[in-house]
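Below, chains carry the letters A, B, ... as their sequence lines are ordered, and counting in each starts from 1.
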2 protein chains.
Amino acid sequence: MVSNSSKYAIKGVLFLALHSNEENKIAVKDISEPINVPQAYIAKLLQELSRENIISSTRGPKGGFYLSEENKNQPIINILKIIDGEKRLTSCMLSLEKCNEDKPCPLHKILSASRKEILKNFERKTINDLVFDMKKGNSFLPL
Amino acid sequence: MVSNSSKYAIKGVLFLALHSNEENKIAVKDISEPINVPQAYIAKLLQELSRENIISSTRGPKGGFYLSEENKNQPIINILKIIDGEKRLTSCMLSLEKCNEDKPCPLHKILSASRKEILKNFERKTINDLVFDMKKGNSFLPL
DNA sequence: TCTTAAATATGATTTTTATCATATTATAAT
DNA sequence: ATTATAATATGATAAAAATCATATTTAAGA
Ligand code: FES
Ligand code: FES
């Protein structure tokens with residue numbers, strides 16, 4: 001449902017949301033360790049997100065990755081769409097292709113309500129929302 | 001959340017549930033096409049399920065795979081446990097390891113209710129339940 | 001303008017997952 | 001008993017995902 005890469009990407013973005021801003025960019029070498037993701041791997045993912053304007057970056061000395069306020073107000077799903085692509089989230093649980101409401105597979109009824117709920121949450125929860133939770137001590141960026 | 005292999009396995013098992021019984025076994029060559037899974041692939045999966053007594057089989061002429069009544073009364077999760085292993089279903093959405101209620105990751109709150117619901121359904125819905133749905137025309141074994 | 005520190009682009013390697021192939025073993029029917 | 005037909009065990013190959021490596025480009029600061 002969500003790939004390894006997307007998990008890493010979310011961790012990276014949340015770390016940036018928590019510790020960076022326009023004036024305080026973070027280099028990839030300072031991100032990988034705290035979020036426990038190999039440096040070259042998270043680098044590639046962040047580059048991809050930056051290219052698609054999900055996060056921000058500048059090169060050179062004092063450069064690095066960061067989140068603008070606009071970036072922080074995006075829903076989580078934007079990250080998933082870039083890293084995993086649309087269909088990973090909407091594919092049928094049995095046929096691997098699009099989930100079909102009209103001719104549902106045997107698992108559809110069992111799962112679709114929950115799946116929709118998850119989707120909806122990815123669509124409406126923003127990065128800021130999650131940061132708020134963390135700051136309140138309700139959730140934690142894990143090892 | 002659930003692998004390709006598990007999806008194939010479920011399709012295979014449901015096909016057997018629908019078309020086989022102790023007196024009418026089905027050879028793997030007659031399964032692969034209708035469920036649209038490569039023959040050698042579904043063969044391997046069914047063999048694995050048979051070894052773990054999730055489904056039944058006999059060799060030789062008139063042999064094949066089938067589901068006993070006992071087999072049909074199992075919950076779907078038994079298939080997933082064999083093919084994917086336990087942790088695939090219970091791993092945290094961010095850290096790849098076990099989901100931790102006490103020190104939840106930022107996605108935990110958003111997802112855990114839905115995930116639990118899905119789990120619960122896999123645990124309580126039996127193969128027979130799904131067959132019943134199909135026979136009533138409420139769901140379909142897809143392409 | 002030169003040096004340095006960072007992202008970027010690109011691609012190679014490794015690991016995992018998916019797929020294919022086949023020799024061996026068991027069993028039913030002749 | 002012999003033959004044919006099926007699963008079983010085992011492992012090989014292919015494709016995809018994860019991981020690693022590096023030369024190039026950009027921008028800041030001396
Ligand atoms: S049709 Fe299979 S999950 Fe909707
Ligand atoms: S899903 Fe991450 S801790 Fe539960």
Side-chain angles (χ1 to χ4, degrees), chain A residues 1-13 16 20 22-33 35-67 80 82-85 87-88 91 95-96, chain B residues 1-13 16 20 22-33 35-67 80 82-85 87-88 91 95-96:
Chain A
M1 189 154 196
V2 3
S3 73
N4 205 4
S5 291
S6 278
K7 295 179 183 189
Y8 285 175
I10 291 172
K11 285 212 277 184
V13 170
L16 286 173
S20 81
E22 181 112 31
E23 284 77 43
N24 187 17
K25 296 155 192 169
I26 307 186
V28 72
K29 71 175 164 49
D30 298 321
I31 297 176
S32 69
E33 201 193 303
I35 67 172
N36 210 38
V37 174
Q39 174 169 335
Y41 197 165
I42 190 64
K44 203 171 215 181
L45 294 172
L46 291 178
Q47 282 168 29
E48 201 172 341
L49 293 175
S50 179
R51 201 181 317 125
E52 305 282 344
N53 301 307
I54 304 295
I55 68 177
S56 309
S57 67
T58 53
R59 314 194 203 192
K62 293 279 168 190
F65 294 98
Y66 66 99
L67 298 201
L80 301 178
I82 297 300
I83 305 295
D84 284 345
K87 60 179 171 306
R88 181 142 193 168
S91 74
S95 75
L96 309 177
Chain B
M1 191 154 197
V2 3
S3 74
N4 206 4
S5 291
S6 278
K7 294 180 183 189
Y8 285 175
I10 292 172
K11 285 212 277 184
V13 170
L16 286 173
S20 81
E22 181 112 33
E23 283 79 41
N24 187 19
K25 296 155 193 168
I26 308 187
V28 72
K29 70 175 163 49
D30 298 319
I31 297 176
S32 69
E33 200 194 303
I35 66 171
N36 208 38
V37 173
Q39 174 168 337
Y41 198 165
I42 191 63
K44 203 170 215 182
L45 293 172
L46 291 178
Q47 281 168 29
E48 201 172 342
L49 293 174
S50 179
R51 200 180 317 125
E52 305 283 344
N53 300 308
I54 305 295
I55 68 177
S56 308
S57 67
T58 54
R59 315 193 205 193
K62 294 279 169 189
F65 294 97
Y66 65 100
L67 298 202
L80 301 178
I82 297 301
I83 305 294
D84 283 347
K87 59 180 171 303
R88 181 144 193 165
S91 74
S95 76
L96 309 176

TODO: May I have the step-by-step check of side chain to side chain contact (heavy atoms under 4.5 Å, CB included) for B/Leu49 and B/Ile83, ending in yes or no?
DONE: CA-CA 8 Å; B/Leu49 293 174; B/Ile83 305 294; 4.0 Å; yes

Task: Note, B/Ser5 side chain near B/Glu48 side chain (heavy atom, < 4.5 Å) - done: no

Open item on the list: Could you go through A/Leu45 and A/Val37, starting from their C-alpha distance and side-chain angles, then the distance that decides it, and tell me whether this counts as side chain to side chain contact (heavy atoms under 4.5 Å, CB included)?
Closed with: CA-CA 11 Å; A/Leu45 294 172; A/Val37 174; 5.5 Å; no

Open item on the list: Do B/Ser20 and B/Phe65 have side chains that approach each other closer than 4.5 Å (heavy atoms only, starting at C-beta)?
Closed with: no

Open item on the list: What does the B/S/- profile of nucleotides 14-23 of chain D look like, 5' to 3', with a 4.0 Å heavy-atom cutoff to protein?
Closed with: ----SBB---

TODO: Send over the distance from A/Leu49 CG to C/dA7 P, rounded to a whole Å.
DONE: 14 Å

Open item on the list: Tell me every residue that passes ring-ring contact (aromatic ring centres under 6.0 Å, His included) with A/Tyr8, counting only those two or more places apart in sequence or in another chain.
Closed with: A/Tyr41

Open item on the list: Using a 4.0 Å heavy-atom cut-off, does A/Lys25 contact any base of the nucleic acid, only the sugar-phosphate backbone, or nothing at all?
Closed with: nothing

Task: Derivation of the side chain to side chain contact (heavy atoms under 4.5 Å, CB included) call for B/Ile10 and B/Leu80 - done: CA-CA 8 Å; B/Ile10 292 172; B/Leu80 301 178; 3.9 Å; yes

Open item on the list: How many whole angstroms separate atom CD of B/Gln47 from atom P of D/dG11?
Closed with: 14 Å

Open item on the list: Expressed as a whole number of angstroms, how long is the span from B/Glu48:CD to D/dA9:C1'?
Closed with: 12 Å

Task: Spacing of B/Leu16 atom CG relative to D/dA7 atom P, expressed in whole Å - done: 10 Å

Task: B/Asn53 CG - D/dA7 P separation (whole Å) - done: 17 Å

- [ ] Could you note down all residue pairs passing side chain to side chain donor-acceptor pair (under 3.5 Å) where residues 24-33 of chain A supplies at least one of them, sequence neighbours left out?
- [x] A/Lys25-A/Thr58

- [ ] State which residues pass side chain to side chain donor-acceptor pair (under 3.5 Å) with A/Ser3; sequence neighbours excluded, sorted by chain then number.
- [x] A/Asp84

Task: Nearest-angstrom distance from the residue atom CG of B/Leu45 to C1' of C/dT19 - done: 11 Å

Open item on the list: Check this one for me: any side-chain N or O of B/Arg51 less than 4.0 Å away from OP1 or OP2 of D/dA9?
Closed with: yes

- [ ] In whole angstrom, give the distance that lies between atom CG of A/Asn24 and atom P of C/dA6.
- [x] 12 Å

TODO: Mind listing the residues from residues 55-66 of chain A sitting with a heavy atom below 4.0 Å of DNA chain D? Number order is fine.
DONE: A/Arg59, A/Gly60, A/Pro61, A/Lys62

- [ ] Using whole Å, report how far CD1 of B/Ile54 lies from C1' of D/dT8.
- [x] 17 Å

Open item on the list: Test of understanding: with side chain to side chain contact (heavy atoms under 4.5 Å, CB included), list the residues that count as partners of B/Glu52, not counting sequence neighbours.
Closed with: B/Ile54, B/Ile82

